[in-house]
Structures are given as C-alpha cells and as structure tokens.
**Q** 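There's a structure below that I have some questions on.
We count ligands from 1, going down the list as the structure has it; atoms in each ligand are counted the same way.
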Amino acid sequence: MHPDCEKIMLTEEEIRSRVKAVALEVDRAYQGKCPLVVGILKGSIIFYSDFIRDLSIPVELDFMAVSSYGSGAVSSGKLRIKKDLDKDVSGRDVIIVEDIIDSGFTLANLKALLHERGASSVCIVTLLNKVERREYDIVPDYNCFEIANEFVIGYGLDYNEQYRNLPYIGILKREVYGG
Ligand code: PRP
C-alpha cells in the first residue's frame, strides 16, 4: 500500500469484479445499439478503459474535460468545457462514464447539455457515488460502489494530480491534505 494511504477502501479484485458485473448489465441493455461512450477526463480514464473492454456491443469512444469549479455552495450554475467532444451527439445513444459523483453538479449539467444537443438518450455510468454529498438532483443509471464521504485516491482519482495510477482505491491520510 502507498505510504500516503490510510487504508485500502476497494481492492483491485473488488473493483475488477464489480466493473465486469456493471458492464454486463449495460451490455444487455444496449444490445443492437452502438452507443457513444463519453469519458470525462481525467478521473474516469482507468475505469473507462476497463469498462469498455468488458462490453461486447460495438461502441464509439469520445472524451470531454470539464471544470467543476462552479460546484458546491458557490455554484456559478455553469459548466466550463475545457475539451469538447469530437463527435456530434445528435440522434445518438450516449453513455457518460465518470469516476465519481459528489455534489452532482458536473453530471447534472452534462446530462442537460447532451440532451440539448439532441442525443436520443443519455445514460450515466459511475464508479463511485458519494450519496451524502449530493446537492443536485442526479442519480446514476449504473453505479459500481456507493461510498462514504472519505478522501479517495487511486484508479484514476487524484489529489493534486498524484495517485491516479494506484491500481486500488485508497483513503488518503488526513495529514497529506491537511483535513
Ligand atoms: C471530479 C470528478 C467529477 C466531479 C464530481 O472531477 O471526476 O467530474 O469532480 O464532482 P461534482 O459531482 O461535485 O460535480 P475533477 O474536477 O476533480 O477533475 P478530474 O476528473 O480531472 O480529477
């Protein structure tokens, strides 16, 4: 375990098996379709790459990077797009893949935006859901793990851009982030 970790919350094996199970459900639901799978950079990249390899349906891949600075109590009510999609979503079935829902600001805004752009359907797949932090009315269609309000790192999630490459999800020691 990394020395900055308090403890491991989810092991590689637990993540692997749950991601497979969720991907199987999505696979069944999208038989006969070719959804556009949209990864939200950067936190989702590891989850995204595991998830899409567990799907048997044909998929197209695309990515967005958005800023969540407007989230929480000081919400600007607007999502800042740092990198937009390459593809036109009009008439497409879109699957958004996210690492974590916290306040729900990012996904509530993204979902509305993709509907505005004419997507036929927008579904949300998340790795982690911090239900107790929710401020916006958003529920993932598929979620791997509901977690408590801990500072989590690894498997794509960072603190100051570090720890994303840890293969498990750990709880960061308080002394590292001064919490
Ligand atoms: C995280 C996460 C979501 C968002 C969730 O992104 O990946 O996009 O915050 O928070 P919310 O539900 O309160 O909107 P972050 O801004 O940390 O960027 P990153 O993915 O590059 O780490």
**Q** Taking the minimum heavy-atom distance to atom 2 (C) of ligand 1, which of Val66, Ile96, Asn109, Asp99 ranks first?
**A**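 Comparing heavy atoms across Val66, Ile96, Asn109, Asp99, the nearest one to atom 2 (C) of ligand 1 lies in Asp99.
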**Q** Looking at Gly43, which atoms of ligand 1 are within less than 4.0 Å of one of its heavy atoms?
**A** 19 (P), 20 (O), 21 (O)
**Q** Hey, any chance Tyr142 and Ile96 share a hydrophobic cluster, counting ILVMFWY side chains that come within less than 4.5 Å of each other, even indirectly?
**A** no
**Q** Which of the atoms in ligand 1, numbered in the order shown and given with their element, are less than 4.0 Å from a heavy-atom of Gly104?
**A**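 Atoms satisfying the 4.0 Å criterion: 11 (P), 12 (O), 13 (O).
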**Q** When you compare the side chain of Val66 with that of Ile40, does any pair of heavy atoms fall below 4.5 Å?
**A**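 Sidechains of Val66 and Ile40: in contact.
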**Q** Considering only heavy atoms of Ser103, which atoms of ligand 1 have at least one such atom less than 4.0 Å away?
**A** 11 (P), 12 (O), 13 (O), 14 (O)
**Q** Taking only distance into account, with no hydrogens and no angle test, what donor-acceptor pairs under 3.5 Å do side-chain atoms of residues 165-179 form with protein atoms, sequence neighbours excluded?
**A**
| unit_1 | atom_1 | unit_2 | atom_2 | d |
| --- | --- | --- | --- | --- |
| Tyr168 | OH | His2 | N | 2.8 |
| Lys173 | NZ | Pro3 | O | 2.7 |

**Q** Arg164 near ligand 1, heavy-atom distance under 4.0 Å?
**A** yes
**Q** Which bit of Asp158 gets closer than 4.0 Å to ligand 1, counting heavy atoms only: side chain, backbone, both or neither?
**A**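 Side chain only; the backbone of Asp158 stays clear of ligand 1.
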**Q** If you draw a 6.0 Å radius around CG in Asp137, do more than 12 non-hydrogen atoms from other residues or ligands fall strictly inside?
**A**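 12 or below, so no.
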**Q** Within a distance under 4.0 Å of any heavy atom of Leu41, pick out the atoms of ligand 1 and give their elements.
**A**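 This gives 20 (O), 21 (O) as the contact atoms.
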**Q** Could you tell me whether a side-chain N or O of Gln31 sits under 3.5 Å from a main-chain N or O of Asp27, the two making a donor and an acceptor?
**A** yes
**Q** Check whether any side-chain heavy atom of Val59 sits under 4.5 Å from a side-chain heavy atom of Cys34, and report yes or no.
**A** no
**Q** Out of Asp102, Asn129, Ile45, Leu79, whose heavy atom is nearest to atom 10 (O) of ligand 1?
**A** Asp102
**Q** Heavy atoms only, cut-off 4.0 Å: how does Ile100 contact ligand 1, side chain, backbone, both, or neither?
**A** both
**Q** At a non-hydrogen distance cut-off of under 4.0 Å, which region of Arg133 contacts ligand 1 (side chain, backbone, both, or neither)?
**A**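 It is neither part, as no heavy atom is under 4.0 Å.
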**Q** Cut-off 3.5 Å, no hydrogens considered: what does the side-chain donor-acceptor table look like for residues 46-54, sequence neighbours left out?
**A**
| unit_1 | atom_1 | unit_2 | atom_2 | d |
| --- | --- | --- | --- | --- |
| Tyr48 | OH | Val37 | O | 2.8 |
| Ser49 | OG | Ile45 | O | 3.2 |
| Ser49 | OG | Ile46 | O | 3.0 |
| Asp50 | OD1 | Arg53 | NH2 | 2.8 |
| Asp50 | OD2 | Tyr155 | OH | 2.6 |
| Arg53 | NE | Ser49 | O | 2.8 |
| Asp54 | OD2 | Arg16 | NH2 | 2.8 |

